[in-house]
Amino acid sequence: MSEAKFRNIAVHIEARIDEGTYPAGAKLPPHRDLAAEFNTTPVTISKAYKLLAEYKRVESFVGRGTFVVTPPALGQAIQAQDGGGFNFSILQPCMPLNFSYVRQAYRDAAESLDVSLLSYTENSGHDDHRLAGVQWLQQFGVTDANIGNTLLTSGAQHALSLVIAALSQPGDVIAVEALTYPGILAIGELSSRTVVAIDMDEHGLCPQHLKKTLKVHKPKLVITLPSHQNPTGITMTEERKAHIAKIMGLSSSYLVEDDIYAFLNPDITTSISTRIPEKGIYITSLSKAISPAMRCGYIKAPEHLIPILNAHIRANIWLASPLNFHAATQLIQSKVAHKLALVQKEEAQARQKIATEILGSRHHARSGFHIWLPLPPHWSSEGFTAEAKRHNITISSGLHFSTNEKENKHVRISLMAIGTRTQLKDGLKEIKALLDSKPLPNVEF
């Protein structure tokens, strides 16, 4: 039997999985049936199935058969640092650049603690911590933020979960971008919300499909990432923001603007939510500009929603940690937070340049923490991710970002979590070598 034959059959089967002919969880045909179709032997099909199992596209059970693997959970899409190889799966700041400042902020916070910071407080947090949040929000185009409409949360992920829980019920529809952050999809699944996709174009959320989605599905919430969108890297233009605001202002749905990468924008632009103050909810955090461990998130919401959001915060965690917000407030008020955000922005630009030099014009991002990399025709996103893992490279398969679980022939590569530019170059060169590897030969069946 030709070595290439079972590999080529595996490529054909994988294509059927990607196309949805064999959907997630589906049982694949018996070996003898595919052997007849491809004019080969059951042994060859068995080897093809074994190869797909190594790529984690299928799994086999004695006495039951072979099944298409259901897309992995959030923990598989974004994997924590393990100290070995190249981890391109995590979107976070380049922490060596921020470490000494963050450490000093916590030391200063510890020295200035008082009893109030170790006790319960009303209104989901201390006034001076919310005021610092207002200062952070206003510098990124949220001009209508004030101490009365700004709430404190344990990061942006908590804020998203909180808003979904407060403003929708199990079974309700929430609408998201067709390609979106897996954390949003995880919240939708765990909270029993029905998630529907809104098409995207080169400027982000597509206005015409947004209109159709609002009319057909009547979602409670529409969630968008307007700046350096995860995973596509798209940043909305002012014109697109205005168009989205106009559509949402005429609807009965709330817009949730998850704008944690606004600090990376070249210019300050007016947020969508500021344009529709009664319908827009703005979310951000310090996780990308300062540190993921700080867990300081901010929600700016219409004032009529503040009581219900506050009630959910109290029921869920009572209040976000004042100790973290005390350190964050010192960083913001001293302008050190703004300096660190600028440092991360400049580092991201430098690393994007490195990625372009090594990977060429395969991707279109020129700023931001990551690239959305299209794959050559002979690679699926899951297959490429599995092969990269064999080379001790962790990347995120595009399948995890797809609202409808369709193959999109992309992978997301974070540029910032790897400690040094030298290490980044080494890892990107290995990725390029995989991309440039020869496609599997075609075999006639």
Side-chain angles (χ1 to χ4, degrees), residues 130 133-134 136-151 153 156 159-160 162-168 172-178 180-181 184 193 195-201 203-229 234-263 265 267-285 297-310 312:
R130 293 208 309 282
V134 169
W136 185 257
L137 291 165
Q138 288 181 340
Q139 72 168 338
F140 300 123
V142 192
T143 55
D144 58 338
N146 60 61
I147 197 170
N149 65 13
T150 301
L151 300 174
T153 67
L160 284 167
L162 173 75
V163 169
I164 290 172
L167 303 182
S168 67
D172 284 345
V173 172
I174 58 174
V176 304
E177 290 148 333
T180 194
Y181 166 55
I184 295 175
R193 270 53 170 184
V195 178
V196 299
I198 305 174
D199 290 345
M200 304 174 69
D201 60 21
H203 300 300
L205 203 63
C206 179
Q208 294 305 315
H209 198 247
L210 172 61
K211 286 182 181 179
K212 181 179 178 180
T213 301
L214 290 168
K215 181 179 180 180
V216 173
H217 295 286
K218 297 178 174 55
K220 295 289 185 180
L221 305 168
V222 173
I223 303 174
T224 185
L225 287 74
S227 303
H228 308 275
Q229 200 261 359
I234 295 170
T235 296
M236 287 189 189
T237 62
E238 285 277 12
E239 181 181 6
R240 177 56 56 88
K241 286 185 175 183
H243 200 169
I244 297 300
K246 182 177 180 181
I247 294 170
M248 293 302 303
L250 298 174
S251 78
S252 60
S253 304
Y254 287 106
L255 177 81
V256 181
E257 188 176 8
D258 181 0
D259 207 16
I260 57 174
Y261 297 105
F263 70 94
N265 291 334
D267 302 301
I268 297 175
T269 61
T270 303
S271 67
I272 305 173
S273 59
T274 297
R275 304 167 197 254
I276 45 172
E278 296 303 307
K279 296 285 184 67
I281 299 163
Y282 189 93
I283 290 174
T284 192
S285 79
Y298 304 99
I299 298 176
K300 192 279 295 183
E303 292 189 7
H304 68 274
L305 294 181
I306 295 300
I308 187 171
L309 292 173
N310 253 331
H312 275 262

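The residues of the chain are indexed from 1 along the displayed sequence. As a basis for the values below, the full set of heavy atoms in this structure was taken, side chains included, without hydrogen atoms, waters or symmetry mates. Here the structure is a predicted model, which is why all the values come from computation and not from measurement.
Applying the salt bridge (Lys or Arg N to Asp or Glu O under 4.0 Å) test to pairs two or more places apart or on separate chains, those with a residue in residues 297-306 are D144-K300.
No donor-acceptor distance shorter than 3.5 angstrom exists from the side chain of R275 to the backbone of K246, with no hydrogens or angles considered. With hydrogens and angles ignored, the 3.5 Å screen pairs no side-chain donor or acceptor of N265 with any backbone N or O of D267. Using a distance-only test at 3.5 Å, with no hydrogens or angles considered, a donor-acceptor pair links the side chain of H209 to the main chain of D199. Looking only at distances, a side-chain donor or acceptor of S253 sits under 3.5 Å from a matching main-chain atom of P219. Between the side chain of E278 and the main chain of P302, no donor-acceptor pair closer than 3.5 Å is present. The closest donor-acceptor contact from the side chain of K211 to the backbone of I247 lies at 3.5 Å or more, if one exists at all.
Considering only heavy atoms from C-beta on, V222 comes within 4.5 Å of L214 through its side chain. Within the 4.5 Å cutoff, no side-chain heavy atoms of L167 are placed close to those of K220. Residues L225 and E177 meet the side-chain proximity criterion, which asks for heavy atoms closer than 4.5 Å.
Considering all non-hydrogen atoms of both residues, Q138 and A145 come closest at NE2-O, 3.0 Å. Contact detail for E238 and T269: the closest heavy-atom pair is OE2-CB, 3.1 Å. When every heavy atom of G297 is checked against every heavy atom of S285, the shortest pair comes out as CA-CB, 3.8 Å. Closest heavy-atom contact between L162 and H312: CD1-CB, 3.2 Å. Closest heavy-atom contact between L309 and A301: CD1-CB, 3.6 Å. Taking all atoms of both residues into account, the shortest heavy-atom contact from I234 to M200 is CD1-CE, 4.4 Å.
For E239, the CD atom sits in a loose shell: 12 or fewer heavy atoms of surrounding residues, nucleotides or ligands are nearer than 6.0 Å.
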Going through the checks in order, is the side-chain contact (heavy atoms from CB on, under 4.5 Å) test met by L305 and I281?
CA-CA 9 Å; L305 294 181; I281 299 163; 4.0 Å; yes

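Considering N149, V142, T143 as possible partners of N146, the one that fulfils the side chain to side chain contact (heavy atoms under 4.5 Å, CB included) test is N149. Of the listed residues (T235, D259, D258), just one forms a side-chain hydrogen bond (donor to acceptor under 3.5 Å, both in side chains) with S227, and that residue is D259. The side chain to side chain contact (heavy atoms under 4.5 Å, CB included) test with M248 singles out one residue from L210, T224, I272, and that residue is L210. Considering F140, W136, F263, Y261 as possible partners of T284, the one that fulfils the side chain to side chain contact (heavy atoms under 4.5 Å, CB included) test is W136.
One distance of note links OG1 of T150 with CZ of R130; it measures 8.0 Å at 0.5 Å rounding.
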